[in-house]
Amino acid sequence: MDLPAPLAWLVDDAGTSPSPERFLADLGGYLLAAGLPLAGGALTLAAPHPIITQHTWLWRAETGAVTEALGFAGTALGQAGRDWLGDLGPSCEETIGTGPGSSVLAWAGTRPFSAPETDSLRQVTRFAAAPLAALAARAALSALLEAYLGRRSAARVQAGALSRSTGETIRAALLCADLRDFTALSEATEPTVIIAALDAWFDRVAGAVHAFGGEVLKFMGDGVLAIFPVTGTPTEACEAALRAVTAIRAGMAHLDATRANQGLPPLPFGAALHFGDMLWGNIGAADRLDFTAIGPAVNLVSRLEGLCKPLGRNVLISGAVAAETSMPLLALGDYELRGIAEPCAVLTLTDAGTQTAV
């Protein structure tokens, strides 16, 4: 079958496009070469994600540049592309599929499209349905894996790192945090109220971690393990972790005030920071795997977090973190930690005096 170049590309090669943005840019290039008067294009794929409901890629014909826009709950599918293309010129839009997995492919012209041009763009949409379905499936898988596993583990799974006893050594500032006396609270509280409290706690922790460039590795009951990997200098990683834990403390103070107005008890917590090397490993049974952090640095930050309640502090910082920063910290002394050979220098934030973990 002798097909026009854009349709031949869609049939033969588009299914191997590495990403939606590359798909859109390549398709736009073929359509320009075929003589269509395009000013830009937009591709929207629905996303099965707890916050982001759609991704839209915006292509400008003049430069070939592609940018991405995110859509959230309550936003009509393809609205970002619709708004953007409306500023470029007359548009032609087609929805592919129905239901949650729909996608939208739209184009703006340098002038109004003629009837034959509109028919050509609609035919392109029909031929694009199959490769876009494959792209949408890959994008959906990425979104789900990141939502449940986090960016680092999701990337490893997608790369095929499925063998046991494999992992990577990460040099990072480590954050370990959990709620205090949560077992007693959960036994005396309705499950729905407990789940809401956990969600509010995790929102404060994960929001602060992500805001300062860190990554949540695991949720463990009411606990969190997060890292701030060294991508530049150790000082940058440690200071990002210190800013994050300061934000967590502020967020939890605000949450406790809100809960008090609702007649609910506060949510005391403990958080610890340490700096060192950890192994992020793939372990488990033959048919059920998980990513787990192991190593001396993980053991120390966990033991240090357990010291928050005895010391009446909700934030404790190891000497290894303090050595990498010039931020003012309050020294509390050296302490023996269970299972750790050497005493650990322990510090806290300078204004943490009234914020206790008990």
Side-chain angles (χ1 to χ4, degrees), residues 168-181 204-205 208-209 211-218 220 222-253 268-281 292-358:
E168 59 177 321
T169 299
I170 305 169
R171 189 159 182 77
L174 288 75
L175 166 68
C176 181
D178 74 359
L179 292 176
R180 291 281 170 256
D181 303 321
R204 270 68 180 176
V205 177
V209 168
F212 291 98
E215 180 179 354
V216 172
L217 292 183
K218 290 185 79 70
M220 305 163 289
D222 62 343
V224 184
L225 177 65
I227 59 170
F228 298 80
V230 175
T231 57
T233 66
T235 294
E236 291 170 343
C238 290
E239 293 191 346
L242 285 163
R243 292 187 181 97
V245 81
T246 301
I248 291 169
R249 195 184 60 180
M252 290 304 292
F269 71 95
L273 295 180
H274 181 50
F275 179 74
D277 294 332
M278 55 165 277
L279 177 66
W280 186 234
T292 299
I294 57 175
V298 180
N299 296 338
L300 192 148
V301 75
S302 176
R303 298 289 187 264
L304 184 60
E305 188 277 324
L307 197 61
C308 287
K309 186 171 182 177
L311 294 186
R313 304 280 181 170
N314 60 12
V315 175
L316 294 180
I317 300 155
S318 76
V321 171
E324 297 293 346
T325 180
S326 59
M327 294 176 65
L329 300 172
L330 176 65
L332 301 177
D334 293 349
Y335 287 86
E336 300 279 351
L337 299 176
R338 182 169 59 88
I340 307 299
E342 298 294 330
C344 177
V346 179
L347 304 93
T348 191
L349 301 174
T350 54
D351 57 344
T354 59
Q355 298 285 336
T356 64
V358 294

Looking at A173 and A241, what are the two nearest heavy atoms and their distance?
CB-CB, 3.8 Å

Any sub-3.5 Å donor-acceptor pair from S302's side-chain atoms to V298's backbone N or O?
no

CD1-CG distance between I317 and L349, expressed to the nearest 0.5 angstrom
4.5 Å

Pairs flagged by salt bridge (charged side-chain N to carboxylate O under 4.0 Å, His left out) wherever residues 328-343 is involved - sequence neighbours left out:
none

I'd like to check the side chain to side chain contact (heavy atoms under 4.5 Å, CB included) partners of L332; sequence neighbours left out, ordered by chain and number.
L311, R313, L316, L330, Y335, V346, T348

Could I get the full list of side chain to side chain contact (heavy atoms under 4.5 Å, CB included) partners for A271, not counting sequence neighbours?
L175, A177, V245, F269

Distance col, row M327:CE vs C238:SG, nearest 0.5 angstrom, shows 10.5 Å

At their closest point, which heavy atom of V209 faces which heavy atom of E215, and how far apart are they?
CG1-N, 3.4 Å

Is the shortest heavy-atom distance from the side chain of E324 to the side chain of V230 under 4.5 Å?
no

At what distance, to the nearest 0.5 angstrom, does CD of E305 lie from CG of L337?
11.5 Å

According to side chain to side chain donor-acceptor pair (under 3.5 Å), who are the partners of E239, at least two apart in sequence or on a separate chain?
T325

Grab the two heavy atoms, one from T350 and one from P328, that are nearest each other, plus how far apart they are.
CG2-O, 3.2 Å

Residues passing the side chain to side chain donor-acceptor pair (under 3.5 Å) test with D178, sequence neighbours excluded, are R180

Please give me the minimum heavy-atom distance between A172 and P229, naming the atom from each residue.
CB-CA, 3.6 Å

For the pair M278 and L217, evaluate side-chain contact (heavy atoms from CB on, under 4.5 Å) and give the outcome as yes or no after the intermediate values.
CA-CA 12 Å; M278 55 165 277; L217 292 183; 3.6 Å; yes

What heavy-atom pair brings R204 and I248 nearest, and what distance separates the two atoms?
O-CG1, 3.9 Å

Are V315 and T246 side-chain neighbours, meaning at least one heavy-atom pair lies under 4.5 Å?
no

Roughly how far, to the nearest 0.5 Å, is CG of L347 from CG of L329?
5.5 Å

What's the spacing between L300 CG and C344 SG if we round to 0.5 Å?
4.5 Å

Under the side chain to side chain donor-acceptor pair (under 3.5 Å) test, which residues partner D277, sequence neighbours left out?
R171

Looking only at non-hydrogen atoms, find the nearest pair between P234 and F275 and report the distance.
CB-CZ, 3.5 Å

About how many Å separate OG of S318 and CG of L174, when rounded to the nearest 0.5 Å?
9.0 Å

